[in-house]
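Naming convention: chains lettered A, B, ... in sequence-line order (proteins, then strands); numbering from 1 in each chain.
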Protein chains: 2
Amino acid sequence: MAQKRAEMIEETRAKLISAARAAFATVGYADSSMDELTAQAGLTRGALYHHFGGKKGLLEAVIAQIDAEIFGRLAVIVEEAESTWDGFVQECIGYIKMAVEPEVQRIVLLDGPAVLGDPSQWPSQNVCIVNTRRSLQKLIEEAVIRPVDPLATARLISGALLGASLWIASADDPRAASEKAVQGFLVLVAGLRRDTSPAQP
Amino acid sequence: MAQKRAEMIEETRAKLISAARAAFATVGYADSSMDELTAQAGLTRGALYHHFGGKKGLLEAVIAQIDAEIFGRLAVIVEEAESTWDGFVQECIGYIKMAVEPEVQRIVLLDGPAVLGDPSQWPSQNVCIVNTRRSLQKLIEEAVIRPVDPLATARLISGALLGASLWIASADDPRAASEKAVQGFLVLVAGLRRDTSPAQP
DNA sequence: TCATTTACATACACTTCGTATGTGAAAAAT
DNA sequence: ATTTTTCACATACGAAGTGTATGTAAATGA
């Protein structure tokens with residue numbers, strides 16, 4: 001019952017992040033009141049400022065947590081893939097599916113960039129960009145794709161995935177939209193491949 | 001000297017939008033004070049609420065204006081193109097260049113989506129998406145590219161361009177980054193083409 | 001000419017944020 | 001074991017900023 005001090009502290013941090021996630025996801029960052037948010041966690045703004053330095057710091061922590069979760073989920077997908085190329089494609093498709101979730105969309109894709117600026121500069125490093133970049137580099141080494149700049153192309157691709165996700169989320173029929181987006185994506189990335197095989201049927 | 005009433009009104013609107021553009025572009029939407037902004041235009045918040053209904057409405061008006069300007073600039077590029085495909089590619093590249101401008105980036109690409117939500121739902125309709133969609137449709141009709149879903153693919157592409165722009169803007173060497181991004185982009189959209197010709201050298 | 005609408009300004013109440021300061025408990029030092 | 005220091009938070013306060021409600025003078029219309 002008697003918890004260690006470090007555990008208590010970690011728990012308060014977790015409670016704040018959890019409350020913030022809920023608040024940010026539902027009403028957005030700008031309309032989230034720190035007083036309300038902290039009260040929801042059974043604390044006050046004092047704790048928030050102590051641990052995160054302010055509202056922005058809390059957002060960073062929330063995004064880092066979500067990013068880590070996405071990273072874990074994507075890792076599973078990549079491990080199950082048969083080839084580097086397949087892993088790359090599946091990972092991108094997986095990212096689209098995750099980015100459609102309201103929480104991810106609102107916090108990481110919309111509010112995040114507006115408040116914290118370009119995602120590639122975040123401490124948590126936007127998972128999508130980093131993963132895609134690594135995949136591309138490997139694919140170039142394996143001579144599967146043309147020798148494009150990995151970072152630039154990773155940014156292009158992650159942007160494309162983001163755009164698709166926003167569209168899917170606000171579409172009348174998200175399922176159908178998702179399928180169309182994936183097909184379009186496959187056609188686009190087919191351009192990367194050295195062999196000029198047409199996009200898969 | 002004595003201006004017509006309608007002209008005066010239009011002038012106040014223009015002054016407000018102009019002041020807002022400057023404020024939003026420099027300190028961002030969230031940190032722009034309506035009191036300051038309106039004072040800069042020689043007015044008060046009363047005028048702002050009267051004409052635009054609030055801060056959000058003002059942002060919408062600013063984005064609409066910027067979007068219209070971009071539209072005009074892109075139209076010139078497209079007109080000068082030799083083919084539909086060339087026009088499409090040049091338009092996209094032109095969009096990247098414009099999206100790198102700090103004003104466009106901060107207001108339209110970062111704050112816009114966070115405050116107003118998905119760009120495709122905006123009244124001003126994000127220029128990039130609409131134009132790209134139209135180009136794609138034409139290219140499909142001309143049988144230049146594969147029969148992808150025009151809207152879905154337009155969202156993918158506009159997202160990619162946005163991602164590239166954000167990256168270029170925050171890169172150490174924006175000029176070099178821009179070139180790399182364009183090359184990557186060309187490789188990607190080459191995947192759309194029916195003929196399997198490799199990306200241009 | 002008088003009523004009404006329009007285009008703004010002013011005033012006020014409310015929320016929110018950052019900081020400065022306070023406090024009790026744990027950890028460290030002696 | 002006692003004292004001192006640090007830490008993890010809470011409380012209090014001041015400064016902005018926002019939305020609304022109201023005021024007003026000029027322009028419009030009958």
Quick tally for nucleotides 23-30 of chain D: nucleotides whose base has a protein heavy atom under 4.0 Å get B, sugar-phosphate-only ones S, the rest -, giving ----SS--
Between CZ of A/F52 and C1' of D/dC9 the distance, given in whole Å, is 13 Å
Under 4.0 Å: is that the gap between some side-chain N or O of A/T12 and OP1 or OP2 of D/dC9? yes
When rounded to the nearest 0.5 Å, the distance separating CZ of B/R45 from CG of B/D35 is 4.5 Å
Rounded to the nearest 0.5 angstrom, the CG-CG distance for B/L37 and B/L48 is 6.5 Å
Please tell me if B/H50 has a side-chain N or O lying less than 4.0 Å from either OP1 or OP2 of C/dA7. yes
- Message: I want to check something: taking the side chain as every heavy atom from C-beta on, are B/W122 and B/V108 in contact at a cut-off of under 4.5 Å?
- Response: yes
To the nearest angstrom, the NZ-P distance between A/K56 and C/dG18 comes to 10 Å
With the criterion being N/O to N/O and under 3.5 Å, what pairs connect the protein with nucleotides 17-20 of chain D, and how long is each?
unit_1, atom_1, unit_2, atom_2, d
D/dT18, OP1, B/S32, O, 3.4
D/dT18, OP1, B/K55, NZ, 3.1
D/dT18, OP2, B/M34, N, 3.2
D/dG19, OP2, B/Y49, OH, 2.1
D/dG19, O5', B/Y49, OH, 3.1
D/dG19, N7, B/R45, NH2, 2.6
D/dG19, O6, B/R45, NH2, 2.6

Separation of C/dC17 atom P from A/L58 atom CG, nearest Å, is 11 Å
Here the distance between atom P of C/dA26 and atom CD1 of A/I9, to the nearest Å, is 11 Å
Check your understanding: Does a nitrogen or oxygen in the side chain of B/H51 sit under 4.0 Å from OP1 or OP2 of C/dA7?
Key -> no
In whole angstroms, the gap separating P of C/dA26 from CE of A/M8 amounts to 9 Å
| query | Should B/E103 and B/F24 count as side-chain neighbours, where that means a heavy-atom distance under 4.5 Å? | reply | no
Here the distance between atom P of D/dA8 and atom CD of A/E11, to the nearest Å, is 15 Å
B/L43 CG to C/dA7 C1', in whole Å, measures 10 Å
Here the distance between atom C1' of C/dC8 and atom CG of B/L16, to the nearest Å, is 10 Å
Does any N or O in the side chain of A/R106 come within less than 3.5 Å of the main-chain N or O of A/Y29, such that one atom is a donor and the other an acceptor?
-> no
A/E179 meets the side chain to side chain contact (heavy atoms under 4.5 Å, CB included) criterion, sequence neighbours left out, with none
Problem set entry | Validation row: B/L161, B/C128 side chains within 4.5 angstrom (heavy atoms) | yes
Margin query: Would you say that A/L110 contacts A/L166 through its side chain, given a criterion of any heavy-atom pair below 4.5 Å between the two side chains?
Written below: yes
Subject >> Heavy-atom check, side chain of B/T84 versus side chain of B/V144, under 4.5 Å >> reply: no
